[in-house]
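Computed from a prediction, not measured in an experiment: that's the story for all the values here. Each chain gets a letter, A, B and so on, in the order its sequence line appears, and its residues count up from 1.
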Amino acid sequence: METVGSGGRLDSGGLDRSRSSSKLVALLVFFPPACFRFSPQLSARVAEEMGVTLGEEVGYTIRFEDLTNSGTTMIKFLTDGVLLREMMDDPLLTKYSVVMVDEAHERSISTDILLGLLKKIQRRRPDLRLIISSATIEAKSMSAFFQTSKRRRALEGEELGPRMDPAILSVEGRGFHVQIHFVEEPVQDYVQAAVSTVLLIHDQEPMGDILVFLTGQDDIDAAIHLLNEEAQTNRKHSSGLILLPLYSGLPRAEQELVFSPTPRGKRKVVISTNIAETSLTLEGIVYLVDSGFSKQKFYNPISDIENLVVAPISKASARQRAGRAGRVRPGKCYRLYTEEYFSKEMSAEGIPEMQRSNLVSCVIQLKALGIDNILGFDWPASPSPEAMIRALEILYSLGILDDDAKLTSPAGFQVAEIPLEPMISKMILSSNELGCSEEILTIAAVLSVQSIWVYGRGVHRELDEAKLRFAAAEGDHVTFLNVYKGFLQSGKSSQWCHKNHVNYHAMKKVVEIREQLRRIAQRLGIVVKSCERDMQVVRKAVTAGFFANACRLEAFSHSGMYKTVRGSHEVYIHPSSVLFRVNPKWVVYHSLVSTDRQYMRNVISIDPSWLIEAAPHFYQHHGQNSFGK
DNA sequence: GAGCACTGC
């Protein structure tokens with residue numbers, strides 16, 4: 001918060017309390033997802049320093065919590081998604097006089113949309129002050145992005161007026177010096193190299209904790225296994241090491257272990273995914289081992305498939321990782337790649353998420369904000385035209401956009417109101433006519449969390465047995481209804497969850513999301529009604545949202561091979577699905593995961609005639625034969 | 001017969 005106080009340019013803006021009586025003058029500080037966990041604490045700290053009550057002059061808003069008072073709040077902390085939602089009702093952000101975007105260099109989809117919108121609304125609101133805070137490495141491109149408008153406006157002969165350029169702040173963390181080491185020769189196996197490096201540090205360096213960046217759970221488990229093996233064969237090397245894995249899928253209690261203080265004479269080794277790069281901060285790290293890789297999402301607009309792949313990180317990421325070693329005293333960073341690779345081949349910045357994603361949600365948000373010319377929108381990083389066109393095509397087929405690529409009424413506007421993937425939102429709208437909203441809201445909430453099951457090493461069999469207790473012949477979606485019912489009947493018991501291999505935290509979130517959806521549904525005039533035991537209407541509603549993911553079992557296929565109706569891609573039912581090996585002739589899936597094969601996750605059996613009912617335009621060219629018995 | 005980097009509304 002020093003940046004706010006030290007600028008000296010905000011003196012007549014949002015902090016002048018005397019003006020708040022006549023008009024709400026608010027300084028709004030927005031944080032991207034990575035800082036989500038901290039915004040309540042941050043606002044509490046600011047409230048404390050100002051000597052005011054949290055929720056009055058200073059407050060915060062995150063998805064399920066709004067601790068602000070519209071009459072008195074002058075400084076509000078919020079997340080990117082919340083601000084985008086606010087802009088749908090108030091596109092010019094008239095309630096605010098200053099907007100500060102923090103961590104803009106992270107370049108999430110929401111941040112990029114917001115930067116584009118803020119640049120646009122500055123034309124209409126020259127009095128709005130913008131402060132963009134970004135890491136040094138990205139500050140230049142941020143500044144360039146906002147500068148172009150000025151040049152373009154001058155070219156267009158527009159009066160430049162009193163509008164000031166946004167203040168671009170680059171605030172580097174004040175860390176201690178971190179000494180960087182590179183490997184001499186490229187390494188073949190970064191897991192093995194990371195393990196050797198940890199042992200070398202432990203052998204030769206003074207006490208201090210080690211943080212290792214690998215790519216995912218598999219790598220992390222493998223590294224821990226190797227280190228444990230070493231401990232058994234060579235006690236001297238590894239005695240005193242406390243090995244701690246860290247990734248988001250880890251149960252909460254195990255995650256917390258990384259924050260416990262290191263006992264005297266011991267050395268903590270945290271082996272982590274990217275979660276420790278930005279989302280959470282470990283104190284006391286002195287040595288850092290950087291594999292140079294992370295898992296990143298990539299999107300193929302031709303096949304409409306998002307893939308998670310191991311890819312080299314950027315220089316910006318490498319610097320961020322190194323900085324994690326210098327928080328308490330000077331540290332050392334061991335990079336498992338050569339200096340030449342770093343300087344010559346590593347890209348300066350990562351690819352913005354916008355250019356690596358399916359854009360249906362992004363397009364619908366912009367449409368709801370009244371931005372019609374999506375291709376001409378002034379993006380900080382333009383998405384590919386192919387991805388844009390694919391998104392428009394999908395939204396058109398769902399009946400969310402019309403022939404002129406405008407939101408349809410009411411469906412398009414209603415879908416934009418629902419904070420979920422458009423296909424799930426469409427499913428909810430359809431459930432109204434089919435009379436099964438009660439059930440579909442539950443399914444929508446479950447599909448919005450990562451997984452309601454507890455999965456882990458070596459518990460596949462137990463999980464399978466637990467699933468059988470809830471399994472429904474129709475498929476995974478109906479199975480979710482059984483789990484939800486059981487959870488409610490148990491009185492939302494954590495023991496019940498534990499006994500059934502159900503993730504308690506996920507189920508609590510399901511309840512929370514479902515409640516939010518129920519409120520929105522009622523506002524949209526959806527009658528929240530149950531279809532009781534009629535699961536056919538539930539399957540029809542799922543089909544109405546997910547018809548584009550329809551697949552047909554290949555005739556004479558004993559391997560369970562399906563082909564997508566749309567693109568004839570080869571896909572299989574994932575072994576975790578209740579329909580695995582059941583192989584109904586026709587299914588729709590919620591999402592694909594790609595490993596050696598494309599696996600369908602969350603699958604439900606359907607009747608092909610429902611596809612033509614749900615999306616006549618989408619399927620008419622396939623003709624009668626595609627749907628033959 | 002086996003997957004899930006990280007977030008958010």
**Fill in**
Checking B:dA5, B:dG8, B:dG1 against the side chain of A:D80 (C-beta onward), the nearest is B:dG8

**Request:** Rounded off to whole Å, could you give me the CG-to-P distance for the A:L83 and B:dT7 pair?
**Result:** 21 Å

**Message:** Between A:H498 and A:Y504, is the ring centroid distance below 6.0 Å?
**Reply:** no

**Prompt:** What nucleotide, of B:dC6, B:dC4, B:dC9, holds the atom closest to the side chain of A:T79?
**Reply:** B:dC9

**Request:** Look at the side chain of A:I62 and decide which nucleotide, out of B:dA5, B:dG1, B:dC9, has an atom nearest to it.
**Result:** B:dC9

**Asked** When the nearest nucleotide of DNA chain B is assigned to A:L246 and to A:R581 on a heavy-atom basis, which residue is associated with the more 5' position?
**Response** A:R581

**Prompt:** For the pair made of CD in A:E106 and P in B:dG8, what is the distance, rounded to whole Å?
**Reply:** 12 Å

**Asked** Can a donor-acceptor pair be found between the side chains of A:K297 and A:S357 at a distance below 3.5 Å?
**Response** yes

**Asked** Choosing from B:dG1, B:dA5, B:dG3, which nucleotide comes nearest the side chain of A:D464?
**Response** B:dG1

**Request:** Can you tell me the distance, in whole Å, between the CD1 atom of A:I305 and the P atom of B:dC4?
**Result:** 14 Å

**Request:** Give me the residues of residues 288-299 of chain A where at least one heavy atom lies under 4.0 Å from an atom of DNA chain B, by number, or none.
**Result:** A:K295, A:K297

**Prompt:** With respect to the side chain of A:H574, which nucleotide from B:dC9, B:dG3, B:dC6 is positioned closest?
**Reply:** B:dG3

**Message:** What I want to check is whether the side chains of A:Q598 and A:Y589 have a donor and an acceptor closer together than 3.5 Å.
**Reply:** no

**Message:** From the set B:dT7, B:dG1, B:dC4, return the single nucleotide nearest to any side-chain atom of A:R601.
**Reply:** B:dC4

**Message:** Going by salt bridge (Lys or Arg N to Asp or Glu O under 4.0 Å), name the residues that satisfy it together with A:R518, two or more places apart in sequence or in a different chain.
**Reply:** A:E515

**Interatomic distance where NE2 belongs to A:H105 and C1' belongs to B:dC6 [whole Å]** = 14 Å

**Prompt:** Cut-off 3.5 Å, side chains only: do A:Y60 and A:D66 have a donor facing an acceptor?
**Reply:** no

**Prompt:** Who are the salt bridge (Lys or Arg N to Asp or Glu O under 4.0 Å) partners of A:R390, not counting sequence neighbours?
**Reply:** A:E393

**Item:** Upstream residue (5' side of DNA chain B) when A:L308 and A:P419 are each assigned their closest nucleotide
**Value:** A:L308

**Prompt:** Within this structure, what is the CD1-to-C1' distance between A:I364 and B:dC9, rounded to whole angstrom?
**Reply:** 13 Å

**Message:** Please pick, from B:dT7, B:dC4, B:dC9, the nucleotide with the shortest atom-to-atom distance to any side-chain atom of A:V593.
**Reply:** B:dC4

**Asked** Is there a side-chain polar atom (N or O) of A:S448 under 4.0 Å from OP1 or OP2 of B:dC9?
**Response** no

**Request:** Report which part of the nucleic acid A:S425 touches: base, sugar-phosphate, or nothing (heavy-atom distance under 4.0 Å, all strands).
**Result:** nothing

**Request:** Check the distance between B:dG3's C1' and A:Y247's OH and give it to me in whole angstrom.
**Result:** 12 Å

**Request:** May I ask you to decide if the ring planes of A:Y599 and A:H574 are parallel, tilted or perpendicular, using 30° and 60° as cut-offs?
**Result:** perpendicular

**Asked** Separation of A:E353 atom CD from B:dC9 atom C1', in whole Å?
**Response** 14 Å

**Donor-acceptor side-chain pairing of A:N482 and A:R469 below 3.5 angstrom** = no

